[in-house]
Student: 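The structure under discussion is supplied below as structure tokens; questions concerning it will follow.
Just so we're clear, the structure is a prediction, and the values are computed from it rather than from any experiment. Quick note on labels: first sequence line is chain A, next is B, and so on, each numbered from 1.
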Number of protein chains: 2
Amino acid sequence: MPEPSDHSTVAAWTKRCYFAGRALMDATLRPYDLGATQWYVLRHLADVGPAMQRDLGRALELERATLSGIVAALVRKGLVRQAASGGDQRQRLLTLTASGEALWRRLPDLSFIQEAAFGGIDAADLAAAVRVLRAATERLQGLAGKAQAS
Amino acid sequence: MPEPSDHSTVAAWTKRCYFAGRALMDATLRPYDLGATQWYVLRHLADVGPAMQRDLGRALELERATLSGIVAALVRKGLVRQAASGGDQRQRLLTLTASGEALWRRLPDLSFIQEAAFGGIDAADLAAAVRVLRAATERLQGLAGKAQAS
DNA sequence: CGATATTTGCAAGGTAGCAAACGAATTGTC
DNA sequence: GACAATTCGTTTGCTACCTTGCAAATATCG
């Protein structure tokens, strides 16, 4: 009798791993009063310069409503400026303020987290993990879409 | 020059996969006005019977504060009864109400989600994925613990 | 016995995610 | 030009997760 591969194990570890990384990121950023997603926004603005909120949402795969809250928090802290700009009066251009740039320069490099998590792990295993996770994600998203289309 | 295995890819797919599964679970449970974690609580109570809130928190790996909110929601909906019980007057015994049991019997089997996500995937790949995710989780948790202990 | 942990649960406050609904602006179509 | 559909950002309300701080009950140690 073929033992069914324990799918619940993969699922459980996926969740645990996500939250472990998230927790470490949160803990590292706490002294700077920043959340993980806020950090991603700052990094994007620091790396590629001012961006339309719409494009940033696409780049970071955030829902409009979610990003709206994140941006509001960053504006409240004075780290980001949000201005109507460009031909389309609906769109908002996001720019780092001087204070935002200063904070960004003070922030520690967070790449140590990924290195700590996956550094030195067998490359073939890593590739297999990516294959599994991507396949699962695509199937799940397909199912979710189909459920709606019914 | 050894191309650095793209750790950000593993991390990104871990997050995407977690949320894709979560979204499908949420969508399936929405008609019943239940969240994913609430479902886990109901399942545990349905499977193993009444449980102390403390033990349930350990079993489902939930923070006390988080579980407190979940239980409050389930009590508000009349699905779960929370009573002081046993020798220790701090502990709360959680029991399914009749209405909770009735709802549980009506709920669809959610295992199709794991089957949809991971079914038919190469067993070796699955095993590798579990290895990677578990190793990463343990390393991250170790780091988080050490940071505190400094 | 009494003072001091420790454990258990709750409440408040913050981050982050989603869905639904809305206003304003833009674009498409007739 | 007028009407319809779409896009962009916001708001509201929900789930869920965390931390901090509290209070009550219990356990432990001197």
Side-chain angles (χ1 to χ4, degrees), chain A residues 15-16 18-42 51-58 60-77 80 82-94 141 144 147-148, chain B residues 15-16 18-42 51-58 60-77 82-94 144 147-148:
Chain A
K15 174 174 181 178
R16 278 193 276 262
Y18 167 68
F19 276 105
R22 191 71 171 203
L24 189 48
M25 232 182 131
D26 281 345
T28 309
L29 291 173
R30 188 155 313 125
Y32 304 93
D33 196 29
L34 273 183
T37 309
Q38 297 175 21
W39 180 85
Y40 281 115
V41 169
L42 290 189
M52 288 298 181
Q53 187 161 326
R54 173 200 45 168
D55 301 329
L56 210 156
R58 294 210 219 293
L60 301 184
E61 302 181 61
L62 294 171
E63 293 288 321
R64 272 173 307 155
T66 302
L67 184 53
S68 187
I70 308 280
V71 168
L74 292 172
V75 167
R76 175 169 44 76
K77 296 180 199 172
V80 163
Q82 184 190 44
S85 155
D88 193 329
Q89 282 312 107
R90 293 166 304 181
Q91 298 180 212
R92 300 297 146 94
L93 183 69
L94 303 178
Q141 288 174 343
Q148 263 193 336
Chain B
K15 174 175 179 176
R16 278 194 276 261
Y18 167 67
F19 276 104
R22 189 69 173 217
L24 188 49
M25 238 183 125
D26 281 345
T28 308
L29 291 174
R30 187 155 312 126
Y32 305 93
D33 196 27
L34 275 183
T37 310
Q38 295 175 21
W39 181 85
Y40 281 115
V41 170
L42 290 189
M52 289 298 180
Q53 187 162 325
R54 174 199 46 170
D55 301 328
L56 208 145
R58 293 210 219 292
L60 302 183
E61 301 180 64
L62 296 171
E63 290 290 319
R64 278 174 301 145
T66 301
L67 183 54
S68 185
I70 307 279
V71 168
L74 292 172
V75 167
R76 178 169 44 76
K77 296 180 200 171
Q82 183 191 44
S85 154
D88 192 330
Q89 282 312 106
R90 295 167 304 182
Q91 298 182 209
R92 301 298 147 91
L93 183 70
L94 303 178
Q148 263 193 335

Student: Tell me: CD of A:Glu63 to C1' of C:dA20, nearest whole Å?
Tutor: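 Distance check: A:Glu63 CD to C:dA20 C1' gives 12 Å.
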
Student: Nearest 0.5 angstrom please: B:Leu94 CG to B:Leu67 CG, how far?
Tutor: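 The CG atom of B:Leu67 is 7.0 Å from CG of B:Leu94, to the nearest 0.5 Å.
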
Student: Whole Å only: how far is the CG atom of B:Leu94 from the P atom of C:dT8?
Tutor: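 B:Leu94 atom CG is separated from C:dT8 atom P by 14 Å.
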
Student: Specify the separation, in whole Å, of atom CG of B:Leu24 and atom P of C:dC18.
Tutor: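 Atom-to-atom, B:Leu24 to C:dC18, this comes out as 14 Å.
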
Student: Working to the nearest 0.5 angstrom, can you tell me the gap between B:Ile70 CD1 and B:Glu63 CD?
Tutor: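 B:Ile70 atom CD1 to B:Glu63 atom CD measures 12.0 Å (nearest 0.5 Å).
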
Student: Out of curiosity, A:Ser68 OG to A:Arg92 CZ, how far, rounded to the nearest 0.5 Å?
Tutor: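 The OG atom of A:Ser68 sits 9.5 Å away from the CZ atom of A:Arg92.
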
Student: Going 5' to 3' through nucleotides 5-16 of chain D, assign each nucleotide B (protein heavy atom under 4.0 Å from a base atom), S (under 4.0 Å only from sugar-phosphate atoms) or - (no protein heavy atom that close).
Tutor: --BBBBB---SS

Student: Could you tell me the separation between the CD atom of A:Gln141 and the P atom of C:dC18, rounded to a whole number of Å?
Tutor: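 Whole-Å distance recorded here is 11 Å.
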
Student: How many whole angstroms separate atom CZ of A:Arg16 from atom P of D:dC18?
Tutor: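 It works out to 13 Å between those atoms.
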
Student: Between B:Gln91 and B:Gln53, is any side-chain donor less than 3.5 angstrom from a side-chain acceptor?
Tutor: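 No, no side-chain donor-acceptor contact under 3.5 Å.
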
Student: Looking at A:Ala72, is its backbone amide N or carbonyl O close enough to the side chain of A:Lys77 to form a donor-acceptor pair, meaning the two atoms are under 3.5 Å apart?
Tutor: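 Checking the backbone N and O of A:Ala72 against the side chain of A:Lys77, no donor-acceptor pair under 3.5 Å is found.
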
Student: Please tabulate, one pair per line, each protein N/O and nucleotide N/O from nucleotides 1-4 of chain C that are separated by under 3.5 Å, including the distance.
Tutor:
none

Student: Could you grab the distance from atom CZ of A:Arg22 to atom OH of B:Tyr18, nearest 0.5 Å is fine?
Tutor: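 Answer for the CZ-OH pair, A:Arg22 versus B:Tyr18, is 10.5 Å.
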
Student: Please say whether more than 12 non-hydrogen atoms of neighbouring residues, nucleotides or ligands are located less than 6.0 Å from CZ in B:Phe19.
Tutor: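 Yes, the 6.0 Å shell around CZ holds more than 12 heavy atoms from other groups.
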
Student: Decide yes or no for A:Arg90 and A:Arg54: does some side-chain heavy atom of the first lie under 4.5 Å from some side-chain heavy atom of the second?
Tutor: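 When only atoms from C-beta onward are counted, A:Arg54 and A:Arg90 do not touch, as no gap falls below 4.5 Å.
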
